[in-house]
Every structure is written in C-alpha cells, then in structure tokens.
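Values below: all heavy atoms of this structure, side chains included; hydrogens, waters and symmetry mates excluded. Please read all numbers here as calculations on a predicted model, not as lab measurements.
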Amino acid sequence: MTDYLIRGADLLGRGAADIAIQDGRIVDPELLSSSDFETVDAAGLVALPGLVDMHTHLREPGKEDAETVLTGSRSAASGGFTCVHAMANTAPVADTAGVVEQVHRLGRAAGFTEVVPVGAVTTGLEGQQLAELGAMARSGARVRMFSDDGICVSDPLLMRRALEYVKTFDGIIAQHAQEPRLTEGAQMNEGTVSAELGLPGWPAVAEESIIARDVLLAEHVGSRLHICHVSTAGSVDLIRWAKARGIAVTAEVTPHHLMLTDELVRTFDPVYKVNPPLRTDRDVQALREALADGTIDVVGTDHAPHTAEHKCSEWTAAAMGMVGMESALSIVVAAMADHDFDFGDVARVMSSAPARITGASGHGSLEIGASANIVLVDPTAPHRIEPADHATKGRNNPFAGVEVTAQVTDTFFYGHRVLAAGALTTPHPAGATWTQQ
C-alpha cells in the first residue's frame, strides 16, 4: 500500500500537525522510513479519527434493490465512516452465525469501510425466543451487539434473558424503545400537529416507558444496555437519571432528530416519515443539550435506504426511514453550532465513543501506533446536500437542498485512501483478506 504524509492538518480542530501513515498505521512523521510516500496537503483541513456508525441498515441479504453492502460501504466512506454496524433486519434476518458471517464477508470484499454485523436479539425479529446469540458471538463475525431494531423487544422477561446472556461475553443489547401497544397504527409524533392533521400519533411515553423499564433491568442484571435513536426530552431525563445511578447505559441520537421537527409533516412529504418520528422543537433542544453534555454518548445515523416504490407514495403507505451517512457530519456540525461543541466533540460522539462502546479497537484514535483510520474535513466548504450525487442507492435524504459548510474530503481506511478530494477511489487493496492492523 501507499504510505502517506498528511501535512498541516488541524488535529481535532485544536492545532496543526503532520500525520504520517506507514503500513496502515499512524507513525511519527520524523520516523517515516519509506522513501516513496505520497504527500497530502491538508492545510485548512481538520483531521479526525475515522467515524464509527453504530446504527445502519445495509439491507443485504435480501433487499438489494434498496441497498447492498457494497453501495452502503461506498456511502460510508464518502461520509468519513471507517466502521459501520449493520442492523439485523435483512431477509433472511441476521439471527444465525451463517447470516452474520455472510454480511461480514461481504463487508470485507467491499473494502471501503469495516462492516460489523449486528445480530438479532430474537429469532426472526419475532420477539418470541432468543436468537443464537452465543453462536453469533463465537462466529467469524465475532458479534458483540444485538438488536431487533425496527421492532422493540417488548417482552420484559425476554429482554432480561438477553441482557443476562450477553453479559457472559461483554456484549450489549441495543434497544429500539417503542411500546407496541401504545403505537399501533402510529404515523407521526403524537401532539398538536398530529391532532390538526388527523394522523394517528406515536406518543413520547411509548419510548420513555421502555427506557425506564430497560435501565432498571440492566441495573438488576448488571449488563450493558444501549438505547437506539433517542428522540424525546423525557428519554433524556431518564438516561441522565440512570447514568447518575451508575447503570451501564449508553444512548445515541440521529442527525435528523437533532435538526428536524414534526412541523415538517404538514407537507405530507414521506421523506419526513421515520421511526421514531420527528418530535417537537422542545425535544430537539433537549437532545442537543444532552449530546453536548455527554448524556447522549453517540450520533448514529440510522441510515435506512428505501426504493422509490416504498418511499414515494401517499404518507400512510410510505415506508419509515431516512438515509444519512453522507450528510451526517455536516448536519451534526450545523445542529450543534450554537453549543460549546468543537471538532474534538464531533470526534468524541462520532468516533471514539462508538468505537469504545462497540469494541471497534481499530478505530477512534489519532495516536501514534493506532490504525490509520482517518478522515479529513473542510470546515468552511459551503455546499448543498444533493442526494442524487450520493453513493447510496437511497434517495430518501430529508436534508436535500440544505446548505451546509463542513464537508468530508478524504477518508483513509486502514491506511488506504478510499476517498480523495471528495471522490471515491478504490477499495482496500487487500480485498477480502484485509485484517485489523
């Protein structure tokens, strides 16, 4: 592989320095022994550790018309992600060692980002019996995070057993917090707008009641719990209380829940239909404050591509979900502009914290000796988000046409430059055989 000397990058936005990459690792620039290296002029660019996404839907196997592991990987690299976690709601469901190993192999073959399969908590996502958690953990994919995302593990006994099981190998359960009986037929956030539009509402308490139950279960069992896509101010209060109590809970927020409100549903544009739904401005402000103060640990995109057939229809028939890997960093920077939130904080919530929570050991650091998973960002590059230009198959990006500034320019994946000056290049040259450095 090519070795690199990245000159004059602003490390975490806190001071310029050179970064040297040799044999896939970050080395002391003064010790760069190769006489044949490529220089990258990074003056004016911010260097961050490669981004880590705990929450994506890559759709393969079974739903390749919406996304594949390859197109999702290319989308991830374009957005600065060097590691993504692929949720289990594929067809067949990723509830066995065989399916998670298939997803793992597809990620290796794609070679643009590290693809880590998330195993299902229950067989077929049906909420009736535990899936093969141990077999998936022992598989070649070494699964450590399990989720029925898209569906809540609503049975408290089953949730307790899952938490007990994954504790044996330091795994984590990622819960989609949605009490199903309180959200039957729900189309949007329950509130003033839903009442005026006559659409069935998804009340905040449906999320909050599951979080309250599950943090207590996690405390009782002594296991790790992760709350997916937190969306309400009440959920923030519960998570803050649980952390103060010493419960091992972590939480994520999506870029769209940091920026958008249920007022947009008045357009009846199904691009704004998502689960959990867009909430109120009060909720948005609470989520931003929680991300800034560390109550919410990470940003997860919940990247959910859909075909036009399933998304471009009348509101009630449209699928729920939004894409977001290629716009995530820009939106987070914009959403947090009024808070004391610098690029070091961006690195914390989009790289080091998710890497720590998931055990993605090759990611989240710019230290000498670390694997060279690096992203360069132009912090002052005005541009318009154009979904038609994105690498993902999904065009259901709610930020289409929005003007933003911060833009990913380069992504180094285990030392290989998969994105150069904003353009995708080639996959990691080791192909399916590349290993963590």
Enquirer: Mind checking side chain to side chain donor-acceptor pair (under 3.5 Å) for Lys273 and listing every partner two or more places apart, or none if nothing turns up?
Expert: Gln187
Enquirer: Is there a donor-acceptor pair closer than 3.5 Å between any side-chain N or O of Asn396 and the backbone N or O of Ala304?
Expert: yes
Enquirer: Would you check if Val205 and Leu182 make a side-chain contact, meaning some heavy-atom pair closer than 4.5 Å?
Expert: yes
Enquirer: Return the minimal non-hydrogen interatomic distance between Trp202 and Pro276, and the atom names on each side.
Expert: CZ2-CB, 4.2 Å
Enquirer: Rounded at 0.5 Å granularity, tell me how far CD in Glu126 sits from CG in Asp95.
Expert: 9.0 Å
Enquirer: Not counting sequence neighbours, list each pair that qualifies as a side-chain hydrogen bond (donor to acceptor under 3.5 Å, both in side chains) and has a residue in residues 137-148.
Expert: Thr122-Asp148
Enquirer: Checking Asp297 against His226: is there a side-chain donor and acceptor pair closer than 3.5 Å?
Expert: no
Enquirer: Under 3.5 Å, is there a donor on one side chain and an acceptor on the other for Thr82 and His363?
Expert: yes
Enquirer: Side chains of Thr71 and Thr68 only: does a donor on one sit below 3.5 Å from an acceptor on the other?
Expert: yes
Enquirer: Does the Arg384 side chain pair with the main chain of Gly401, one donor and one acceptor, at a distance under 3.5 Å?
Expert: yes
Enquirer: Considering only heavy atoms from C-beta outward, does the side chain of Pro379 approach that of Thr405 to under 4.5 Å?
Expert: no
Enquirer: Verify, without hydrogens or angle tests, whether Ser313 (side chain) and Glu309 (backbone) share a donor-acceptor contact under 3.5 angstrom.
Expert: no
Enquirer: Can a donor-acceptor pair be found, under 3.5 Å and without considering hydrogens, that links the side chain of His229 to the backbone of Ala251?
Expert: no
Enquirer: Can you tell if the side chain of Met325 reaches within under 4.5 Å of the side chain of Thr113, non-hydrogen atoms only?
Expert: no
Enquirer: Is there a side-chain contact between Val408 and Ser78, using heavy atoms and a 4.5 Å cut-off?
Expert: no
Enquirer: When rounded to the nearest 0.5 angstrom, what is the spacing between CD1 in Ile211 and OG1 in Thr232?
Expert: 6.0 Å
Enquirer: Walk me through whether Arg7 and Asp18 qualify under salt bridge (Lys or Arg N to Asp or Glu O under 4.0 Å).
Expert: CA-CA 5 Å; Arg7 287 198 178 277; Asp18 294 344; 3.5 Å; yes
Enquirer: Are side-chain heavy atoms of Val116 and Cys83 found at a separation under 4.5 Å?
Expert: yes
Enquirer: Measuring from atom CE of Met188 to atom CG of Leu264, what distance do you get when rounded to the nearest 0.5 angstrom?
Expert: 9.5 Å
Enquirer: Hydrogens and angles aside, do Arg240 and Thr295 bring a side-chain donor and acceptor to less than 3.5 Å of each other?
Expert: yes
Enquirer: Side-chain donor-acceptor pair under 3.5 Å between Gln178 and Thr183, yes or no?
Expert: yes
Enquirer: So, Thr426 and His416: side-chain donor and acceptor under 3.5 Å apart, yes or no?
Expert: yes
Enquirer: Tell me the ring-ring contact (aromatic ring centres under 6.0 Å, His included) pairs involving residues 81-116, sequence neighbours left out?
Expert: none
Enquirer: Is there a side-chain contact between Ile374 and Ile21, using heavy atoms and a 4.5 Å cut-off?
Expert: yes
Enquirer: Between Thr409 (side chain only) and Leu376 (backbone N and O only), is there a donor and an acceptor less than 3.5 Å apart?
Expert: yes
Enquirer: Looking only at the side chains, is there a donor atom on one of Glu326 and Ser75 sitting less than 3.5 Å from an acceptor on the other?
Expert: yes
Enquirer: Evaluate side-chain contact (heavy atoms from CB on, under 4.5 Å) for Met87 paired with His176, printing each intermediate quantity in order.
Expert: CA-CA 11 Å; Met87 287 294 177; His176 174 112; over 6 Å; no
Enquirer: Do Thr261 side-chain atoms and Thr280 backbone N/O form a donor-acceptor pair below 3.5 Å?
Expert: no
Enquirer: Is there a side-chain contact (heavy atoms from CB on, under 4.5 Å) between Arg224 and Ile357 once you walk through the steps?
Expert: CA-CA 9 Å; Arg224 293 200 297 148; Ile357 293 166; 4.3 Å; yes
Enquirer: Please check this pair: side chain of Asn189 against backbone of Pro277, looking for a donor-acceptor N/O pair closer than 3.5 Å.
Expert: no
Enquirer: Is the closest side-chain heavy-atom distance between Met159 and Leu225 below 4.5 Å?
Expert: yes
Enquirer: Just grab all the salt bridge (Lys or Arg N to Asp or Glu O under 4.0 Å) pairs involving residues 62-90, residues at least two apart or on different chains.
Expert: none
Enquirer: Can you tell me how far NE2 of His306 sits from NZ of Lys393, rounded to the nearest 0.5 angstrom?
Expert: 14.5 Å
Enquirer: Under the side chain to side chain donor-acceptor pair (under 3.5 Å) rule, what do Asp149 and His57 come out as? Steps first, then yes or no, please.
Expert: CA-CA 10 Å; Asp149 182 62; His57 298 272; 3.0 Å; yes
Enquirer: Sequence neighbours left out, what passes side chain to side chain contact (heavy atoms under 4.5 Å, CB included) with Ala337? Give chain and number order.
Expert: none
Enquirer: Looking only at heavy atoms, which two atoms of Ile26 and Ser371 are closest? And how far apart?
Expert: CD1-O, 4.1 Å
Enquirer: Flag yes if more than 12 heavy atoms outside Arg266 fall under 6.0 Å of its CZ atom; otherwise flag no.
Expert: yes
Enquirer: Give me the atom names and distance for the closest heavy-atom approach of Pro398 to Leu260.
Expert: CB-CD1, 3.7 Å
Enquirer: Would one find more than 12 heavy atoms of other residues, nucleotides or ligands at under 6.0 Å from atom CG of Asp338?
Expert: no
Enquirer: Determine whether Phe268 and Leu199 make a side-chain contact, defined as any pair of heavy atoms from C-beta on separated by less than 4.5 Å.
Expert: yes
Enquirer: Of Asp10, Leu51, Leu329, which is the lone residue that meets side chain to side chain contact (heavy atoms under 4.5 Å, CB included) with Val377?
Expert: Leu329
Enquirer: Would you say the side-chain atoms of Glu101 pair up with the backbone N or O of Gly140, donor to acceptor, closer than 3.5 Å?
Expert: yes
Enquirer: How close do Ala42 and Ile6 get, heavy atom to heavy atom, and via which atoms?
Expert: CB-CG2, 3.5 Å
Enquirer: Does either side chain, that of Arg417 or that of Thr425, offer a donor lying less than 3.5 Å from an acceptor on the other one?
Expert: no
Enquirer: Checking Asp410 side chain against Val375 main chain: does a donor-acceptor pair fall under 3.5 Å?
Expert: no
Enquirer: Taking atom types as modelled and ignoring hydrogens, do the side chains of Glu179 and Ser209 form a donor-acceptor contact shorter than 3.5 angstrom?
Expert: no
Enquirer: Listing request: all salt bridge (Lys or Arg N to Asp or Glu O under 4.0 Å) pairs with a residue in residues 341-350, at least two apart in sequence or in separate chains.
Expert: Arg14-Asp342, Asp345-Arg348
Enquirer: More than 12 heavy atoms of other residues, nucleotides or ligands under 6.0 Å from CG of Asp340: is that the case?
Expert: no
Enquirer: To the closest 0.5 Å, what do you measure between OG (Ser231) and NE2 (His256)?
Expert: 9.0 Å
Enquirer: Please lay out, stage by stage, how Val40 and Phe412 fare under the test side-chain contact (heavy atoms from CB on, under 4.5 Å).
Expert: CA-CA 12 Å; Val40 178; Phe412 295 85; 4.3 Å; yes
Enquirer: For the OG atom of Ser330 and the CD atom of Gln407, what is their distance to the nearest 0.5 Å?
Expert: 6.5 Å
Enquirer: Using atom types as modelled and distance alone, determine if a side-chain donor or acceptor of Asp53 lies under 3.5 Å from a backbone N or O of Thr301.
Expert: yes
Enquirer: Under the side-chain contact (heavy atoms from CB on, under 4.5 Å) rule, what do Ser327 and Val404 come out as? Steps first, then yes or no, please.
Expert: CA-CA 9 Å; Ser327 55; Val404 288; over 6 Å; no
Enquirer: State, without any angle test, whether Thr392 and His390 hold a side-chain donor-acceptor pair at a distance under 3.5 Å.
Expert: no
